[in-house]
Asks: 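If you scroll down you'll find the structure; I have some questions about it.
Both counts, for ligands and for their atoms, begin at 1 and track the order of listing.
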Amino acid sequence: MQIRVIDHPLIQHKLSLIRDVNTGAKEFRELLEEIAMLMAYEITRNLPLEETEVTTPVATCRCRVLAGKKLAVVPILRAGLGMVNGVIRLIPAARVGHVGVYRNPDTLQPVEYYCKFPSDIAEREIVVIDPMLATGGSVVAAIDMIKRSGAKSIKLMCLVAAPEGVLLVNDRHPDVEIYTASVDEYLNDHGYIIPGLGDAGDRIFGTK
Ligand code: PRP
Ligand code: URA
């Protein structure tokens, strides 16, 4: 099973706040951005480094800088947008692609409506971001689109996952490692994650 639950105390504390029905849109957005930054710190823990020489005001020394492939962050519209700034504040050189997928509320099936990637996406390490992994249909559709563009190395970062979504992504894209702050209990009859945090897009953009 390709899943890693990030149990950092700061992330768990902020996740509890963001779940709260009384947390308004402004605080929700701020918390989501902060959690995204903390999760990005964990996801990038094993990025390769290479040595370089740096001249300080008093000496030269061998230092280490990031090596190898560059990153692209791909938020799934809309709710994934709420995590982008947190990631690119930490990794400013990352490019940002976008995938538009929404879930038909009756069938719960993903509907693709937009796709724009950096031209060199095939050479980049990809981090797909979406706060909610529910049935997994949206993420599977997004990863299908990303793989069709030639990208091979893909990670998924979500805030809250349902067991159903984890199983589907593992089944359809077993090469994709999932990073999440929580695997919740189950999906209700409307496809909402329980306990979850409600509709992430509506809470970010105040559309309900
Ligand atoms: C939400 C969420 C995920 C999707 C998860 O998006 O941000 O993309 O649902 O559900 P799934 O795992 O069952 O596919 P939504 O469809 O509400 O669109 P929005 O972000 O534009 O509101
Ligand atoms: N999408 C959301 O925003 N929340 C859920 O609980 C499930 C899908």
Side-chain angles (χ1 to χ4, degrees), residues 1-3 5 14-25 27-33 35-36 39-40 73-87 96-117 126-147 154-174 176-208:
M1 193 71 108
Q2 294 257 50
I3 177 124
V5 178
K14 290 174 192 294
L15 173 60
S16 302
L17 298 175
I18 214 171
R19 285 187 193 274
D20 191 325
V21 67
N22 294 313
T23 297
E27 197 186 350
F28 191 97
R29 284 193 294 268
E30 289 168 357
L31 286 164
L32 186 58
E33 192 172 317
I35 296 172
M39 291 184 79
V73 187
V74 180
I76 301 179
L77 306 177
R78 294 176 299 168
L81 290 175
M83 300 175 86
V84 173
N85 281 350
V87 179
V96 183
H98 294 86
V99 166
V101 182
Y102 73 88
R103 194 171 73 152
N104 180 308
D106 300 319
T107 64
L108 302 184
Q109 291 305 302
V111 182
E112 300 169 16
Y113 63 91
Y114 186 73
C115 178
K116 179 79 178 173
F117 297 133
I126 311 299
V127 182
V128 178
I129 54 178
D130 190 327
M132 310 308 282
L133 176 64
T135 65
S138 302
V139 161
V140 166
I143 295 173
D144 286 344
M145 290 155 89
I146 293 167
K147 284 188 174 172
I154 302 170
K155 292 183 167 72
L156 169 66
M157 179 168 124
C158 59
L159 182 57
V160 177
E164 293 88 335
V166 173
L167 286 173
L168 189 76
V169 175
N170 264 288
D171 181 57
R172 299 292 172 81
H173 294 292
V176 173
E177 196 172 4
I178 304 170
Y179 292 77
T180 186
S182 176
V183 179
D184 276 13
E185 290 167 26
Y186 64 97
L187 292 179
N188 72 9
D189 292 343
H190 304 287
Y192 277 86
I193 300 174
I194 304 297
L197 50 75
D199 188 303
D202 284 342
R203 294 195 65 183
I204 294 167
F205 297 109
T207 41
K208 205 156 205 171

Asks: Establish, from distance only, whether the side-chain atoms of R103 and T135 form a donor-acceptor pair under 3.5 Å.
Replies: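 There is no such pair between these side chains.
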Asks: Would you name the heavy atoms of V99 and A142 that are closest together and state the gap between them?
Replies: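 Closest pair (atom of V99, atom of A142, distance): CG1-CB, 3.8 Å.
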Asks: May I ask you to list the atoms of ligand 1 that are less than 4.0 angstrom from any heavy atom of M132?
Replies: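 Within the 4.0 Å cut-off of M132, ligand 1 contributes 2 (C), 3 (C), 5 (C).
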Asks: Looking at ligand 1, does any of its N/O atoms fall within less than 3.5 Å of an N/O of Y113?
Replies: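 No, Y113 has no N/O under 3.5 Å of an N/O on ligand 1.
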Asks: Is the closest N or O pair between V101 and ligand 1 shorter than 3.5 Å?
Replies: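 In fact, backbone or side chain, V101 has no N or O that close.
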Asks: Please check atom 12 (O) of ligand 1 for a protein heavy-atom neighbour under 4.0 Å.
Replies: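 So far as the 4.0 Å threshold goes, atom 12 (O) of ligand 1 is in reach of a protein heavy atom.
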Asks: Identify the heavy atoms of F28 and A200 that sit nearest to each other, and give their distance.
Replies: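 Closest pair (atom of F28, atom of A200, distance): CE2-O, 4.2 Å.
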Asks: Could you pull out every protein residue that has a heavy atom closer than 4.0 Å to ligand 2, ordered by chain and then number?
Replies: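 Near ligand 2, by chain and number: R103, M132, A134, G191, Y192, I193, G198, D199, A200.
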Asks: Any idea which protein heavy atom is nearest atom 17 (O) of ligand 1, and the distance to it?
Replies: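 The closest one turns out to be D199 OD2, 4.0 Å.
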Asks: Of the non-hydrogen atoms in G201 and A79, which two are nearest, and what is the gap between them?
Replies: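 Heavy-atom minimum between the residues: N-CB, 3.8 Å.
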Asks: Measure the shortest side-chain to side-chain distance between V176 and Q2 over non-hydrogen atoms and say whether it is less than 4.5 angstrom.
Replies: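 No, side chains not in contact.
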Asks: For atom 19 (P) of ligand 1, which protein heavy atom lies nearest, and how many Å away is it?
Replies: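 Result for atom 19 (P) of ligand 1: R78 NE, 3.6 Å.
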Asks: Quick one: are M83 and P75 in side-chain contact, heavy atoms under 4.5 Å?
Replies: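 Of all side-chain heavy-atom pairs linking P75 with M83, none is under 4.5 Å.
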Asks: Using non-hydrogen atoms of the residue, decide whether A200 is closer than 4.0 angstrom to ligand 1.
Replies: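 The answer is no, since A200 has no heavy atom less than 4.0 Å from ligand 1.
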Asks: Distance to 0.1 Å, residue and atom name: give those for the protein heavy atom nearest to atom 10 (O) of ligand 1.
Replies: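 Closest protein heavy atom to atom 10 (O) of ligand 1: R103 CD, 3.4 Å.
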Asks: Over all heavy atoms of both residues, which pair between A134 and A162 is shortest? Give the atoms and the distance, please.
Replies: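 Heavy atoms only, the tightest pair is O-CB, 3.7 Å.
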Asks: Flag V139 as yes when one of its N or O atoms lies below 3.5 Å from any N or O atom of ligand 1, and as no otherwise.
Replies: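 Looking only at distances, the answer is no, because the N/O contact criterion of under 3.5 Å is not met.
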Asks: Would R78 and T207 satisfy side-chain contact (heavy atoms from CB on, under 4.5 Å), going step by step from the backbone distance to the final call?
Replies: CA-CA 11 Å; R78 294 176 299 168; T207 41; 3.2 Å; yes
Asks: Please state which protein non-hydrogen atom is closest to atom 14 (O) of ligand 1 and give its distance, to 0.1 Å?
Replies: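 Atom 14 (O) of ligand 1 sits closest to the protein heavy atom S138 OG, 2.6 Å.
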Asks: Drop me the distance from R172's CZ to K147's NZ, to the nearest 0.5 angstrom.
Replies: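 Between atom CZ of R172 and atom NZ of K147 there are 11.5 Å.
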Asks: Do T23 side-chain atoms and I18 backbone N/O form a donor-acceptor pair below 3.5 Å?
Replies: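 Side chain of T23 to backbone of I18, a donor-acceptor pair under 3.5 Å: no, none is there.
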Asks: Could you report the tightest heavy-atom contact between A161 and T180, atom names first, then the distance?
Replies: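 Scanning both residues completely, I find the closest heavy atoms to be N-OG1, 3.7 Å.
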Asks: Would you mind reporting whether I194 and D184 have side-chain heavy atoms less than 4.5 Å apart?
Replies: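 Not in contact.
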Asks: Can a protein heavy atom be found under 4.0 Å away from atom 2 (C) of ligand 1?
Replies: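 Protein heavy atoms within 4.0 Å of atom 2 (C) of ligand 1 - there is at least one.
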Asks: With respect to T135, determine whether any N or O atom, backbone or side chain, lies less than 3.5 Å from an N or O atom of ligand 1.
Replies: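 Looking only at distances, the answer is yes, because the N/O contact criterion of under 3.5 Å is met.
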Asks: Is there a side-chain contact (heavy atoms from CB on, under 4.5 Å) between F205 and R29 once you walk through the steps?
Replies: CA-CA 9 Å; F205 297 109; R29 284 193 294 268; 5.8 Å; no
Asks: I'd like to know if D130 contacts ligand 1, where contact means a heavy-atom distance under 4.0 Å to any ligand atom.
Replies: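 Per 4.0 Å heavy-atom rule, D130 contacts ligand 1.
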Asks: Identify, by atom number and element, the atoms of ligand 1 in contact range of A79, meaning under 4.0 Å from any of its heavy atoms.
Replies: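 Going through ligand 1 atom by atom, the ones under 4.0 Å from A79 are 7 (O), 20 (O).
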